[in-house]
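Chain identifiers are assigned alphabetically (A, B, ...) following the order of the sequence lines, protein sequences preceding nucleic acid strands; residue numbering begins at 1 within each chain.
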Amino acid sequence: MSDLIRRDPRAEWIARNRLHPLHAATQPAVASWLSAAGVLRKNPHAVGFIGPNGVKRIDRSGAQQGGAAKRSTASAVVQLPLHVIEQPAFYIAVVPDMVGGRLSAHDKDLLGLAHKLAGSDGAVVAVIFGEHKESTFDCNGVDRLLQFADDAFDGYAPEARVLALGAVERQLAPRHWLLPDSRSGGGELGRRLAAKLGERPATRVWQVADGMASGRAGAGREDLVQRAPRLILAAVECAEPVSETRHEVRPLALSEALVSHLPRIQDLGAVAVDPAQIPMAEAEFILSGGNGVKDWALFHQAAAALGATEGASRVAVDDGFMGRERQVGASGIWVTARVYVAVGISGAIQHLQGIGACDKVVAINIDPTCDMIKRADLSVIGESAAILQALIKRVAAHRQGGARDAA
Amino acid sequence: MTNLQVITLVSVGAHPTSGRPRRAEQDARAVELGLRLAGEHLQVLHAGDAESEALRSYLGMGLGELGVLQQSAADDALPVLADYLSGCGAQLVLTGTQAETGEGSGMLPYLLAERLGWPLVVGLVEVEQVDHGIAQVLQALPRGQRRRLRVRLPFLASVDNAAPVARQSAFGPARRGNLEALPAAAQADPLLTAAQFQPARPRPKRLKVIKAKTGAERMKAATAKAAGGSGQVLKDVSPEAGAEAIFNLLIEEGVLR
C-alpha cells in the first residue's frame with residue numbers, strides 16, 4: 001500500500017447525505033458545536049490528531065482542522081524476489097565463520113562474492129558446523145545449506161572439519177571454495193583445506209573481477225594478481241553482500257557417512273584470561289558503567305564475577321571513577337564487543353556511536369525512556385545495584401553448579 | 001624443557017614503510033619462543049640467500065649460527081625445507097604466520113605439516129609442559145582469549161603477534177655470528193610465471209548505497225536513527241527476574257566462562 005491519499009467518493013457522498021444510515025457513524029468527532037440551548041459545547045477528546053509517534057498533538061495554528069485523522073496505512077513488508085536454482089550447473093561452496101552462531105559482516109561479504117561467481121545457474125552452498133542462531137540465510141544468498149551437527153565438530157576440531165570438507169569436495173566438486181581469511185577460524189581452516197586438497201589458494205583477496213583475483217601479498221605493500229584459483233581466501237569487503245534477492249535455503253545432506261578419526265590435537269578448553277589485560281577495543285564482553293552507578297565497588301565486583309572487561313561512559317570517567325583509557329564512545333574507544341552490558345548509561349549519541357559495532361547490548365537503567373533502551377536488545381528497568389547483586393548471586397550459583405558437575 | 005629439539009624457520013622481512021629488508025616481526029617472535037624453550041640449543045634455519053645482511057639481526061638475538069639452505073628468490077622454499085626437516089630429528093618446528101615479502105600466503109606451515117605428516121598448532125603462545133612425548137600448549141585466539149591444547153611430538157607450530165615480544169638484536173653478536181650455507185636442491189616456484197606482482201592499490205572505500213526509489217524513502221534513510229527497535233524491555237520486575245533474563249542472554253551468547 002502506498003502513502004498516497006486517495007479520495008473515497010462514497011464516503012463523501014455519505015457525509016453529504018444526512019439521511020443515510022451510516023451518516024452518523026462516519027462523521028468525524030466534532031470538537032465544538034452549538035447546543036439546542038444556544039450554549040457552545042466542546043468535546044476536548046476530539047481536539048487534535050494523533051502524531052507519527054502515537055502521541056496526541058494539538059496544532060493551534062489553525063492549519064490543522066480537528067478530526068481529520070491520518071488514515072492508518074499498514075506498511076507492507078517488501079518481499080524480495082525469490083532466486084530459485086532448481087538444477088544447479090555447478091556449486092560455489094562457502095564456509096562462513098559463524099562467530100557466535102551468526103553470519104558476520106565478513107561472511108555476508110563472502111556470500112555476496114559467491115553469488116557473483118555463481119551467476120544465474122550456479123548454486124551457493126553454505127557449509128556450517130554445529131548449531132546456528134542465524135535466521136537470515138535467505139536474504140544473504142544461501143541457496144543450499146549443508147550443516148554438520150555432530151559433536152565431533154564442537155570446540156577446536158580443525159582436522160575433523162577438514163575431513164568433512166573433503167567429503168563435500170568429493171560429492172559436490174564445487175567450482176570454487178570460498179573462505180574468510182579471518183583470525184576467527186576461516187583463515188586456518190581454508191589453509192588446512194588447501195593443503196589437504198593440494199590446491200594453491202589465493203589469499204587476502206579483496207577483489208575478484210573478470211576471472212582475475214587480486215589479493216594482498218607480503219606485508220601488504222604489493223598486490224598479487226592471478227587467475228582466480230579454485231580456493232579463495234577473501235578479505236573483508238571483498239564484494240557487496242546480497243541485498244536484492246531472497247534465496248531458498250534448501251537443506252543438503254551428504255550421501256556418504258563421515259569416517260571418524262582420532263584427533264591428533266586434543267582441545268583442553270578455554271583458559272581463564274584476566275579480562276583487565278584484554279585491550280578494550282577487542283574485548284568480547286564488556287560491562288560498562290555510567291552516571292547511574294552509585295556503588296563502584298559493587299560494579300567492580302560484578303565485572304570480576306562475570307569475567308567481563310570494564311568500560312565506562314564519559315561522565316563516569318570525568319567524575320574520576322574510572323580511568324580515561326576505559327572510556328567508551330566517540331572520544332574514547334570504539335569497541336567491538338559481542339555482548340555489551342551498559343549499567344546506568346543513558347546513551348548519549350557519542351556513546352552509542354562507540355558501541356555501534358556491538359552485537360548484543362543489554363541495558364540496566366532506572367529510566368525507561370532513555371536512548372540506551374532504544375538501542376538495547378534487552379533492557380531491565382530498575383535500580384542497578386539491586387540487579388547487579390542479583391546477577392552476581394545468579395552467576396555464583398551457576399559457577400558452583402558447574403564445579404559440582406565437573407567434579 | 002632444554003632437551004627439546006627445536007628448529008625455528010625464519011625469513012627476511014620488509015619494513016612496512018620503507019620496504020627495507022629487516023628481521024620479520026613474527027619470525028623474530030618465533031625465535032624468541034624457541035630461545036625460551038631450548039636456550040642455546042635452538043637451531044634456526046632459513047631458505048634463501050646466505051649473503052643477506054638482514055639475517056644477521058636474528059644472530060643478534062643471541063644465536064651462534066644460522067643455517068641457510070642456499071637458493072634464489074624465485075625458488076620454492078617448501079621442498080628444500082621439507083627434505084631438511086624430515087631428516088633432522090626435530091621435535092618442534094616454529095614458524096611465523098605469514099611472510100612479509102614475496103607471496104606471503106601463510107601456506108608454508110600448513111604444507112610442511114601436510115608433507116611431514118605432523119600436526120600443526122596455529123597461534124602458539126606458550127609451551128606449558130612436555131612429558132612422555134606429549135606437549136601441553138597454549139594457543140592464542142582472537143580477542144585476547146587463550147585455549148589449551150595437548151599435542152603429540154613432533155609437531156609444527158606457527159606464531160602470531162600474540163606470542164612474546166622478540167628481544168632486541170645486539171650489534172656485536174650479529175657481527176660475530178656465523179651464517180652457515182647448507183647445500184640444497186632448489187626448485188623454481190611455478191607461481192611467479194602465472195601471477196604478477198603490482199604495487200598495492202588502495203582499496204576502494206565502501207559507499208553507503210541507499211536503494212530508495214522515492215524521495216520519502218531517501219529522507220528516511222538519511223535521517224533514520226541506528227536503533228535496534230525490537231529490544232525486549234523488562235519493566236516492573238524483581239531484580240532477581242531481571243538478573244535471570246540477563247544471565248540467560250549471557251549464557252546463550254556463550255560469553256560467561
Contact check, side chains of A:I387 and B:I246, non-hydrogen atoms, under 4.5 Å: yes
Test item: B:P239 and A:Q389 side chains (from C-beta on) under 4.5 Å apart, heavy atoms: no
For chain B, the option from A:Q226, A:E282, A:K393 that forms the most heavy-atom pairs under 4.5 Å: A:E282
Derivation of the side-chain contact (heavy atoms from CB on, under 4.5 Å) call for B:V122 and A:R191: CA-CA 11 Å; B:V122 176; A:R191 289 184 173 87; over 6 Å; no
Validation row: B:L256, A:L306 side chains within 4.5 angstrom (heavy atoms): yes
B:A140, part contacting chain A, at a heavy-atom distance under 4.5 Å: both
Max heavy-atom pair count under 4.5 Å with chain A, selected residue of B:D236, B:L120, B:V137: B:L120
Nearest atoms (heavy-atom pairs only) where B:E103 meets A:R204: O-NH2, 4.0 Å
Top of B:R201, B:Q145, B:R115 for chain A proximity - count of heavy-atom pairs under 4.5 angstrom: B:R201
Segment of A:P279 engaging chain B (4.5 angstrom heavy-atom cut-off): neither
Backbone of A:T336 reached by a side-chain donor or acceptor of B:R143 within 3.5 Å: yes
B:F247: partners by ring pair (Phe, Tyr, Trp, His ring centres under 6.0 Å), with sequence neighbours left out: A:H398
Which portion of A:R102 sits near chain B, non-hydrogen atoms under 4.5 angstrom: side chain
Part of B:T17 within contact of chain A (heavy atom distance under 4.5 Å): backbone
Using distance only, find each side-chain donor-acceptor pair of residues 266-273 of chain A under 3.5 Å and give its atom names and separation, not counting sequence neighbours.
from   : atom 1 : to     : atom 2 : distance (Å)
A:D267 : OD1    : A:G269 : N      : 2.8
A:D267 : OD2    : A:Y156 : N      : 2.9

Side-chain heavy atoms of B:Y110 within contact of A:E188, under 4.5 Å: yes
Heavy-atom pair of closest approach, residues A:R264 and B:P119: NH1-N, 3.6 Å
Heavy-atom proximity to chain B below 4.5 Å, by part of A:A194: both
Contact summary for A:A235 and B:R203, nearest pair of heavy atoms: CB-NH1, 4.0 Å
B:T101 versus chain A, the contacting section by heavy-atom distance below 4.5 Å: backbone
Residue A:I278 versus chain B: region with a heavy atom under 4.5 Å: side chain
Test log, rule salt bridge (Lys or Arg N to Asp or Glu O under 4.0 Å), inputs B:K205 and A:E237: CA-CA 9 Å; B:K205 211 168 191 174; A:E237 299 195 0; over 6 Å; no
Part of B:A99 lying under 4.5 Å from any heavy atom of chain A: backbone
Per-residue contact mode, A:L233 against chain B (heavy atom under 4.5 angstrom): neither
Partners meeting side chain to side chain contact (heavy atoms under 4.5 Å, CB included) with B:I134 (sequence neighbours left out): B:R150, B:R152
A:R183 and B:D160: CA distance, side-chain angles, deciding distance, side-chain contact (heavy atoms from CB on, under 4.5 Å) verdict: CA-CA 10 Å; A:R183 277 205 63 211; B:D160 63 12; 3.1 Å; yes
Chi angles and distances behind the salt bridge (Lys or Arg N to Asp or Glu O under 4.0 Å) call for A:E240, B:R206: CA-CA 9 Å; A:E240 289 293 328; B:R206 178 174 277 181; 3.5 Å; yes
Residue selection (most heavy-atom pairs with chain A, distance under 4.5 Å) from B:G254, B:P16, B:A194: B:P16
Contacting region of A:A202 [heavy-atom separation from chain B under 4.5 Å]: neither
Which atoms of B:I251 approach chain A - backbone, side chain, both or neither, heavy atom under 4.5 Å: side chain
Residues in residues 216-225 of chain A that sit under 4.5 Å from chain B, counting heavy atoms only: A:R216, A:A217, A:G218, A:A219, A:G220, A:R221, A:E222, A:D223, A:L224, A:V225
Nearest non-hydrogen partners of A:A195 and B:E114, listed with the distance: O-CG, 3.6 Å
Which atoms of A:T203 approach chain B - backbone, side chain, both or neither, heavy atom under 4.5 Å: side chain
Toward chain A, the part of B:E25 with a non-hydrogen atom under 4.5 Å: neither
Selection from B:M107, B:K235, B:E240, B:Q136 maximising heavy-atom pairs under 4.5 Å formed with chain A: B:M107
Whether over 12 other heavy atoms sit under 6.0 Å from B:Q187 CD: no
A:K133 side-chain N/O to B:E252 backbone N/O, donor-acceptor pair under 3.5 Å: yes
For chain A, the option from B:L250, B:L138, B:V237 that forms the most heavy-atom pairs under 4.5 Å: B:L250
